[in-house]
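Numbers restart at 1 for each chain; the letters A, B, ... are given by sequence-line order, proteins then strands. Quick caveat: nothing in here was measured; it's all calculated off a predicted structure.
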Number of protein chains: 2
Amino acid sequence: MAREKKINVVILGLLNHEDLTGYDIKKRIDEAIGFFWKGSFGNIYPALKELEEGKYIKSRTDSAGNREKIRYRITAKGKKLLEDWLKEEQISNELRYETLLKLFFAGASDRETALRNIEVFEGEIRRDLGILKVYCKSLESIKDDGDHIYYYLTVTFGVDTYEAYLKWCTKAKKILGK
Amino acid sequence: MAREKKINVVILGLLNHEDLTGYDIKKRIDEAIGFFWKGSFGNIYPALKELEEGKYIKSRTDSAGNREKIRYRITAKGKKLLEDWLKEEQISNELRYETLLKLFFAGASDRETALRNIEVFEGEIRRDLGILKVYCKSLESIKDDGDHIYYYLTVTFGVDTYEAYLKWCTKAKKILGK
DNA sequence: AAAAGATATATCAAAATGATACATAAAGAA
DNA sequence: TTCTTTATGTATCATTTTGATATATCTTTT
């Protein structure tokens with residue numbers, strides 16, 4: 001089987017929960033999986049067309065008022081593709097941390113710059129961790145219903161790793177002498 | 001100032017340490033910063049040409065034997081660009097974890113599949129953590145010389161976060177009933 | 001001497017990114 | 001009421017990155 005483009009399986013995964021428009025899909029990606037995955041209109045809309053051509057999803061145009069709205073639903077063929085991808089053991093996990101890049105090359109500048117970059121990172125992580133903890137708390141009570149358990153686990157991944165980041169920040173600042 | 005393409009600053013950062021060929025650059029990226037950054041010939045070679053056109057680097061062709069070898073050196077202008085980038089506070093840090101994606105969508109399949117995906121992830125992380133720890137140990141004794149401190153800090157980031165990943169794996173497997 | 005693996009440059013199709021354009025609908029302020 | 005801002009919605013495009021492949025030489029192993 002050909003290696004499926006990632007945006008395709010992301011779309012299928014989201015449509016497997018509920019019917020959505022392209023715009024909804026973008027929002028779901030940003031809100032629910034935004035801390036570990038991204039999507040843009042630039043690949044969502046073309047992918048939706050492709051997936052419909054391949055009969056993995058089906059569209060329904062909803063013209064309430066003057067506004068055209070295209071809502072998509074996953075087909076049996078689409079569910080099959082999603083399940084096949086889930087069962088593939090090959091995974092690609094990637095970090096792209098500009099903070100680490102800057103730290104690695106920090107010798108080209110001074111310690112103050114290196115420290116400031118760590119502090120900027122720390123600030124962002126602290127803020128995002130706050131948001132993740134709120135999600136985590138609200139999921140704790142419902143995590144045993146249906147598929148919430150999986151959502152809960154991804155959020156705890158975020159919380160645990162972000163806490164590790166913060167600990168590292170403290171250590172790194174100390175080592176750099178602050 | 002225009003937002004600089006990331007591969008450009010990666011190349012400048014590496015050339016700031018020593019003169020390198022395109023092939024060397026690819027190797028350095030894979031070895032030294034591979035766990036948090038990637039590069040490919042497909043963007044390294046065109047970027048080298050562009051950077052030379054902009055006078056950020058200078059090439060020296062070394063034709064020992066029949067083999068042509070193009071070695072690059074950073075210029076003062078290139079150093080300036082590198083420093084400017086280091087001082088920009090805007091950073092973009094990204095995770096792209098297929099493992100989390102599969103976990104988030106695991107409801108479309110069964111718990112065994114979800115567990116297997118976590119185990120695959122765990123295996124990879126355990127292997128990579130072993131490598132990182134070796135690097136970490138060898139850097140510990142020289143971390144106070146020159147710029148090694150920054151290399152050491154990036155490696156400890158890897159070690160700390162990978163250890164957090166492993167702890168999360170244990171917890172996640174337990175929650176999923178194993 | 002042959003085979004295999006590392007070195008080296010280069011290109012290309014496919015995919016992702018980030019920005020923008022355009023238009024309607026809804027909410028809030030003046 | 002009217003004006004303005006924000007959210008919804010589809011769509012495209014240039015730039016960048018990815019991943020694979022092509023081609024050739026040099027080095028090490030068998």
message: In this structure, how many angstroms lie between the P atom of C/dA6 and the CD atom of B/E31, rounded?
response: 12 Å
- prompt: Start at the 5' end of DNA chain D and walk down; is the nucleotide closest to B/K5 or to A/I70 reached first?
  reply: A/I70
- request: Whole angstrom is fine here: how far is it from CD1 in A/I7 over to P in C/dA14?
  value: 18 Å
- request: For A/Y165 and A/Y97, test the side chains for any donor-to-acceptor distance below 3.5 angstrom and give the result as yes or no.
  value: yes
message: Less than 4.0 angstrom between a side-chain N/O of B/K26 and OP1 or OP2 of C/dT9, yes or no?
response: no
- request: Respond yes when some side-chain nitrogen or oxygen of A/T21 is under 4.0 Å from OP1 or OP2 of D/dT10, and no when none is.
  value: yes
query: Separation of A/D62 atom CG from C/dT24 atom C1', in whole Å?
result: 14 Å
task: Would you please confirm or rule out a distance under 4.0 Å between OP1 or OP2 of C/dT11 and any side-chain N or O of B/K49?
output: yes
- prompt: Quick check: are there more than 12 heavy atoms from other residues, nucleotides or ligands sitting under 6.0 Å from NZ of B/K55?
  reply: no
Identify all side-chain donor-acceptor contacts of residues 133-143 of chain B below 3.5 Å with residues at least two apart in sequence or on another chain.
residue, atom, partner, partner atom, Å
B/K133, NZ, B/E163, OE2, 3.3
B/S138, OG, B/Y135, O, 2.9
B/E140, OE2, B/Y152, OH, 3.3

task: In whole angstrom, give the distance that lies between atom CD of A/E50 and atom C1' of D/dT10.
output: 17 Å
task: Evaluate side-chain hydrogen bond (donor to acceptor under 3.5 Å, both in side chains) for B/E52 paired with B/S59, printing each intermediate quantity in order.
output: CA-CA 7 Å; B/E52 182 158 36; B/S59 72; 2.9 Å; yes
A/K27 side chain near D/dT8 phosphate (N/O to OP1/OP2, under 4.0 Å): yes
task: Identify, between B/S92 and B/E68, the residue whose nearest nucleotide on DNA chain C lies closer to the 5' end.
output: B/E68
message: Quick check for you: among C/dA16, D/dT17, C/dA25, whose closest atom lies nearest to any side-chain atom of A/R67?
response: C/dA25
query: Is it true that atom CZ of A/R73 has more than 12 heavy atoms of other residues, nucleotides or ligands lying nearer than 6.0 Å?
result: no
query: Just how far, in rounded Å, is P of C/dG18 from CD of B/Q90?
result: 10 Å
- request: Go through A/F104 and B/Y151 one step at a time and tell me if the ring-ring contact (aromatic ring centres under 6.0 Å, His included) criterion holds.
  value: CA-CA 5 Å; A/F104 188 80; B/Y151 191 5; 5.3 Å; yes
message: Near DNA chain D, counting only heavy atoms under 4.0 Å, which residues of residues 40-47 of chain A show up?
response: A/F41, A/G42, A/Y45
field: Nearest listed nucleotide, side chain of A/Y23, among D/dA7, D/dA11, C/dT17
entry: D/dA7
message: Between P on C/dA15 and NZ on B/K38, what's the gap in Å once rounded to a whole number?
response: 15 Å
query: Can you check the B/K69 NZ to C/dA8 P distance for me, whole Å?
result: 4 Å
- prompt: Between A/R96 and C/dA16, does any side-chain N or O lie under 4.0 Å from OP1 or OP2?
  reply: no
query: Do you see a donor-acceptor pair shorter than 3.5 Å between the side chains of B/T156 and A/W168?
result: yes
field: d(CH2, A/W37; C1', C/dT17) in whole Å
entry: 14 Å
